[in-house]
Protein chains: 4
Amino acid sequence: MTKVARLYEGTETAGKREAILNAALRLFTERGFHGTAMPSVAELAGVGAGTIYRYFESKEALVNTLYRDWKNFQITTILKDVPEETPLREQFRIYWNRLVEFAAEFPIAFGFLELHFHAPYLDEESRAMEERGHNALVSFFQHCLRQQIVKNLPPEMLGALVVGAYVGLVKASRAGCFQLTQEMIDQAEACCWEAIRR
Amino acid sequence: MTKVARLYEGTETAGKREAILNAALRLFTERGFHGTAMPSVAELAGVGAGTIYRYFESKEALVNTLYRDWKNFQITTILKDVPEETPLREQFRIYWNRLVEFAAEFPIAFGFLELHFHAPYLDEESRAMEERGHNALVSFFQHCLRQQIVKNLPPEMLGALVVGAYVGLVKASRAGCFQLTQEMIDQAEACCWEAIRR
Amino acid sequence: MTKVARLYEGTETAGKREAILNAALRLFTERGFHGTAMPSVAELAGVGAGTIYRYFESKEALVNTLYRDWKNFQITTILKDVPEETPLREQFRIYWNRLVEFAAEFPIAFGFLELHFHAPYLDEESRAMEERGHNALVSFFQHCLRQQIVKNLPPEMLGALVVGAYVGLVKASRAGCFQLTQEMIDQAEACCWEAIRR
Amino acid sequence: MTKVARLYEGTETAGKREAILNAALRLFTERGFHGTAMPSVAELAGVGAGTIYRYFESKEALVNTLYRDWKNFQITTILKDVPEETPLREQFRIYWNRLVEFAAEFPIAFGFLELHFHAPYLDEESRAMEERGHNALVSFFQHCLRQQIVKNLPPEMLGALVVGAYVGLVKASRAGCFQLTQEMIDQAEACCWEAIRR
DNA sequence: CATGAATGAGTTTTCATTCAT
DNA sequence: GATGAATGAAAACTCATTCAT
């Protein structure tokens, strides 16, 4: 059983709701929001078409739940348990590895979050979650800036470059350009740090 | 200059085909392929709904034409007129600036190409065009590798990191995180080079 | 007193069947038969959706039970305890007052019976009940005709005019056009008698 | 060709819109608003299901158009060309006859207007039209009251009794209780006048 | 050529009814 | 007996595509 499924397994409500969310995650990622028909979600989830509406008010509610849950999970997974006193260079390494691990362990969710970044059908709450991730990123680079260990550039720009490189790397590896070994991940991390370090 | 480029010039000379491509570019970028109704494309283009089908066999044919035309235009624009003997470090600077200029001059087309990267409704020919861009990128970094001026990493990976950083930068600036000045563009270019240089 | 009547009394003694009939009466009257969802009936009745089907075979069976019970109750209430020897003019007064009282005491049931008059989903038995009320009406006016105290018109027509006036009066008062006082009820009764008396 | 059809034939838009309105009029009257499926309207109208939505925004818009058009037509038909100086007793006779004629010539529309009186899906504008008819009625009886030729009762009540009797009469004749001859119509008119005259 | 009205297959969503608990 | 989650058929509505004008 993959970890993908496990995000939606902990609760005792169990079963249908998780099946729907997992089916929707896959189909929305593969075909996009408007390209996915609700009956196809139901079929993949192994439930009746009407059943989805017992758990989610609408298709939009479904995609938003998915976005919030996964974005929240991603942020939590990446930020958890890093002692404040850890050197920032070391923190950078940790976050980088966690980002890559997240994409490796939850490839569909990674694709989903990428595809739905800033999508017009995301609601207030989903956007707030997006914002939360963004703030954590900016906050880290502000910290780096204060310690003068990175180039004197806007923290948003530093974040954009590093996260952009991360996304590019993962997408390219997923497109089959290369297989990501731990060595390559480490090398990429080194590249990114060198890109921004003072 | 191709017809694709002319779409963004004066509309008085534009034929119906251009008007349709123009309208479709905007709507597909804003709402996605499945989220865009053909009649809405017709309306924005100022033509009858049936007229689209005189120029394009289907909605898929339209999006593929758009993808091919713009991808081709992007590749051509970025690669043109760089003498082989130009130092690679200088070539890198040129390509970087052209990428950023392209995104600035054709922001909708940039968004369109990003959004439709690897979309399931793109056909063989469109994928071949994608491949062509990819090959040019890889080829450049192979050249760099042979001259041992960049880190000894797969050229696809070097490309992924740099282009990823570029995409991240442009998207962040478009999301309103910051305004891209020439100085920042130059600084970002320096970052990217430092990321990969040996 | 039948169970139908008891529905409008204290709810603490009411069984589930009564609760369902009560809820259905209100919702069918407010939103119509097809406009009312069975789960909404269940919710208002405070029972599970499946429970309705322990008491009624289908939605049609429910509306027919309701129609029959209330039509029967209406007829019974209006006709009861009028000695045959009572002068017909006096009987007319009695019936008129009982009709108005019925509409005042059971306004929802009055609306329900009006709305469902001749509805296509009423079954044989419900139509027979409708017929029974009609026959009582016609029979009364035949009696009047035999005594030559009313105009020499078909009894059905006399009934239609008087009952029509009654329905019009009640509906108008319910629409808020005026408040029905006993004086007005008496005056209306006088009008109706003058309409048909010889 | 019946007059029912003719209400929607005068315009040069012709054809589909009228066919849809006429089909909807029949089905809404026979089965009610919620009991009528849009595809069944389309089928009876002899058009595609999607075509209805080229002419009417929604099912509600369709029923409201129908209600407004017919209510307006009814009011106009009944009130037209009655010189102010006509004696009120004579006006009463004219209006009565026109009401009955309307119901005879447009039996489905009569049923439609009766069934949808005060329906919850009627919009502001439709209710305003309802009000307009009501006002004309009240206004007539106020005139009668001022001339002291009718009983001293609220004009709304006089109207409710007379119109109620009219509706009862028509409904009964339509239910097959009797065939309405001109003689009977005249007699009914006499009844109604006697009901309210001073 | 250009149009846009017309279409019907497909979409999202609802709801009468069932059935395992 | 009572429940309410589950269902799938059918509802309202949309839209890619066609074709008569």
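Note on naming: letters A, B, ... go to the chains in the order of the sequence lines (proteins, then strands), and numbering restarts at 1 for each one.
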Of A/Gly46 and D/Ala49, the one whose closest DNA chain F nucleotide lies more 5': A/Gly46

Whole-Å distance separating the CZ atom of C/Arg54 from the C1' atom of E/dT21: 13 Å

Whole angstrom value for the distance that separates P of E/dT13 from CD1 of A/Ile52: 10 Å

Strand partner of E/dT21, provided both Watson-Crick or wobble distances fall under 3.5 Å: F/dA2

Closest heavy-atom pair and its distance - C/Leu62, C/Ile20: CD1-CG2, 4.1 Å

Nearest-Å distance for atom pair CD1/C1', residues D/Ile20 and F/dA12: 15 Å

Residue A/Thr51, side-chain heavy atoms: nucleotide from E/dT17, F/dT7, E/dT7 that is nearest: F/dT7

5'-most by nearest nucleotide on DNA chain E - B/Val47 or D/Gly50: B/Val47

D/Met38 CE to F/dT14 P, straight-line distance once rounded to whole Å: 10 Å

Spacing between B/Phe56 atom CZ and F/dT18 atom P, to the nearest angstrom: 16 Å

Listed nucleotide nearest any side-chain atom of A/Ala37, set E/dT12, F/dA16, F/dT3: E/dT12

Sugar-phosphate, base or nothing in reach of D/Pro39, heavy atoms under 4.0 Å: sugar-phosphate

Watson-Crick or G-U wobble mate for E/dT7, both contacts under 3.5 Å: F/dA16

Length of the CD-P vector between A/Glu60 and E/dT12, whole Å: 11 Å

Touch class at under 4.0 angstrom, heavy-atom based, for B/Thr36 against every strand present: sugar-phosphate

Within the 6.0 Å centroid threshold, strictly below: B/His34 and A/Phe33: no

Integer-rounded Å distance: E/dT14 P and A/Tyr55 OH: 17 Å

Protein-nucleotide distance (B/Phe33, atom CZ; F/dC15, atom P), rounded to Å: 13 Å

Under-4.0 Å salt bridge between D/Glu125 and D/Arg68: yes

Selected nucleotide, minimal atom distance to A/Lys59 side chain, candidates E/dT12, F/dT3, F/dA11: E/dT12

Salt bridge present between B/Glu30 and B/Arg26 (N-O < 4.0 angstrom): yes

B/Lys16 side-chain N/O to E/dT3 phosphate OP1/OP2 under 4.0 Å: yes

E/dA6 OP1/OP2 closer than 4.0 Å to side-chain N/O of D/Tyr53: no

is_close_aromatic(A/Phe73, A/Phe106), centroid dist under 6.0 Å: yes

